[in-house]
Amino acid sequence: MLSPLSKTLKGVVNFTWPMILISIIVIISLRVTYLIKNKQRFVLYKEFLALSFIIYILCLFQVVTFQDTVTWSNNNFVPFREILRYHLGSRLFFKNVLGNVILFLPFGFFASYYLEVRRPYIPFALTLIASTSIECVQMAIGRVFDIDDIILNIVGGTTGYLVYYLLLKIGNSMPKVFQSEWFLNLLSILLLIGCLMLI
């Protein structure tokens with residue numbers, strides 16, 4: 001069932017891996033040098049989250065600015081017109097509808113985590129600003145503007161906030177051992193291994 005989504009994610013990885021690899025090497029070398037120079041402590045899970053956020057933003061930039069050939073008539077300014085065009089469960093539904101939701105889920109999560117927000121309107125507003133900016137830039141560089149992408153991105157960003165809020169509530173109610181630095185570091189390593197296995 002998730003095969004089209006899996007293919008889309010693998011396509012993104014295949015398209016962005018050179019930029020990801022170079023960025024990881026540059027970012028890690030700069031960050032390690034900074035920590036050593038300033039005699040700061042290395043906390044694996046915090047560094048993992050920061051690196052993940054930077055890589056996500058770089059991949060988002062590369063994916064949304066990829067050139068394709070369109071005309072003005074391809075633009076969509078009518079809400080839900082494109083969303084309702086796709087059959088539930090079809091390849092295009094997974095790619096264009098679910099893909100746009102998932103594309104901004106990390107944005108909502110990271111924005112909520114770094115700003116430590118407790119209300120959904122902040123990630124909602126930030127997602128609206130980011131997604132509208134992307135759609136306007138896409139139209140300016142010869143890609144399609146789609147109001148439905150903005151709607152789906154907002155759903156994704158808000159879902160990311162809900163994931164953050166749920167994890168925060170679960171984490172605060174768990175025993176102290178599961179909130180400890182060593183456990184969060186171990187969890188980061190397991191998540192990293194899981195991500196590498198999916199690729």
Side-chain angles (χ1 to χ4, degrees), residues 1-10 12-13 16 43-61 63-64 79-80 82-84 86 88-90 92-135 146-181 183-199:
M1 180 180 172
L2 290 178
S3 179
L5 182 60
S6 176
K7 285 180 182 175
T8 301
L9 291 174
K10 284 187 178 182
V12 169
V13 170
T16 59
V43 181
L44 180 64
Y45 80 91
K46 289 183 178 179
E47 299 297 333
F48 177 74
L49 277 171
L51 181 62
S52 298
F53 185 38
I54 293 168
I55 296 302
Y56 162 73
I57 293 296
L58 290 170
C59 289
L60 179 67
F61 168 78
V63 168
V64 300
F80 303 105
E82 289 296 310
I83 293 172
L84 298 175
Y86 304 112
L88 188 67
S90 68
L92 287 174
F93 173 84
F94 279 104
K95 182 180 178 185
N96 295 334
V97 176
L98 201 54
N100 270 300
V101 172
I102 291 171
L103 186 66
F104 264 79
L105 196 148
F107 184 87
F109 175 83
F110 285 121
S112 302
Y113 172 77
Y114 283 109
L115 297 174
E116 298 179 355
V117 297
R118 300 293 184 264
R119 299 282 185 272
Y121 63 85
I122 295 175
F124 176 92
L126 292 172
T127 304
L128 174 63
I129 291 166
S131 184
T132 304
S133 300
I134 286 169
E135 292 302 315
D146 190 348
I147 190 71
D148 287 351
D149 285 356
I150 296 173
I151 294 167
L152 293 167
N153 293 162
I154 289 171
V155 170
T158 306
T159 304
Y161 160 78
L162 293 173
V163 170
Y164 162 77
Y165 187 77
L166 182 64
L167 290 174
L168 189 66
K169 288 294 181 188
I170 292 170
N172 289 339
S173 64
M174 296 192 85
K176 291 287 185 197
V177 68
F178 295 119
Q179 298 177 37
S180 65
E181 187 179 306
F183 180 79
L184 294 172
N185 287 339
L186 177 63
L187 193 60
S188 296
I189 292 168
L190 294 174
L191 280 170
L192 180 60
I193 291 169
C195 289
L196 291 173
M197 288 174 69
L198 286 174
I199 297 171

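Side chains are part of it too, since the values below use all heavy atoms of this structure and drop only hydrogens, waters and symmetry mates.
Considering all non-hydrogen atoms of both residues, D148 and D146 come closest at N-OD1, 2.9 Å. Across every non-hydrogen atom of Q179 and M174, the tightest pair is NE2-O, 2.8 Å. Residues K46 and Y114 approach most closely at O-OH, 4.4 Å, considering heavy atoms. Here the closest heavy-atom approach between residue G157 and residue P123 is recorded as O-CB, 4.5 Å.
Pairs passing the side-chain hydrogen bond (donor to acceptor under 3.5 Å, both in side chains) check and including a residue from residues 152-169, sequence neighbours excluded, read N100-N153, R118-Y164, S131-N153.
The backbone N or O of I147 lies less than 3.5 Å from no partner atom in the side chain of E135, so there is not a single donor-acceptor pair. The backbone N or O of I129 sits nowhere less than 3.5 Å from a side-chain atom of T132 that would complete a donor-acceptor pair.
Distance check, rounded to the nearest 0.5 Å: CG of L162 to CG of L167 gives 11.0 Å. Interatomic distance, S52 OG to Y45 OH, rounded to the nearest 0.5 Å: 14.0 Å. Atom CG of residue L152 and atom CD1 of residue I83 lie 4.0 Å apart, to the nearest 0.5 angstrom. Here CZ of F48 is found 11.0 Å from CG of N185. Values are rounded to the nearest 0.5 Å. Atom CD1 of I55 and atom CG of L51 lie 5.0 Å apart (nearest 0.5 Å). Note that OG1 of T127 is 7.0 Å distant from CD1 of I154, once rounded to the nearest 0.5 Å.
Under the rule for a salt bridge (charged side-chain N to carboxylate O under 4.0 Å, His left out), the partners of E47 that lie at least two apart in sequence or sit in another chain are R31. Checked against ring pair (Phe, Tyr, Trp, His ring centres under 6.0 Å), F61 has no partners two or more places apart in sequence or in another chain. Judged as a ring pair (Phe, Tyr, Trp, His ring centres under 6.0 Å), and not counting sequence neighbours, the contacts of F110 are F53. With sequence neighbours excluded, the residues forming a ring pair (Phe, Tyr, Trp, His ring centres under 6.0 Å) with F183 are F178, listed by chain and number. Here F104 pairs with F107 under the ring pair (Phe, Tyr, Trp, His ring centres under 6.0 Å) rule; sequence neighbours left out.
In summary, of the residues considered (V97, L105, V101), a side chain to side chain contact (heavy atoms under 4.5 Å, CB included) with V155 occurs for V101 alone.
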Could you walk me through whether I134 and D149 pass the side chain to side chain contact (heavy atoms under 4.5 Å, CB included) check?
CA-CA 10 Å; I134 286 169; D149 285 356; over 6 Å; no

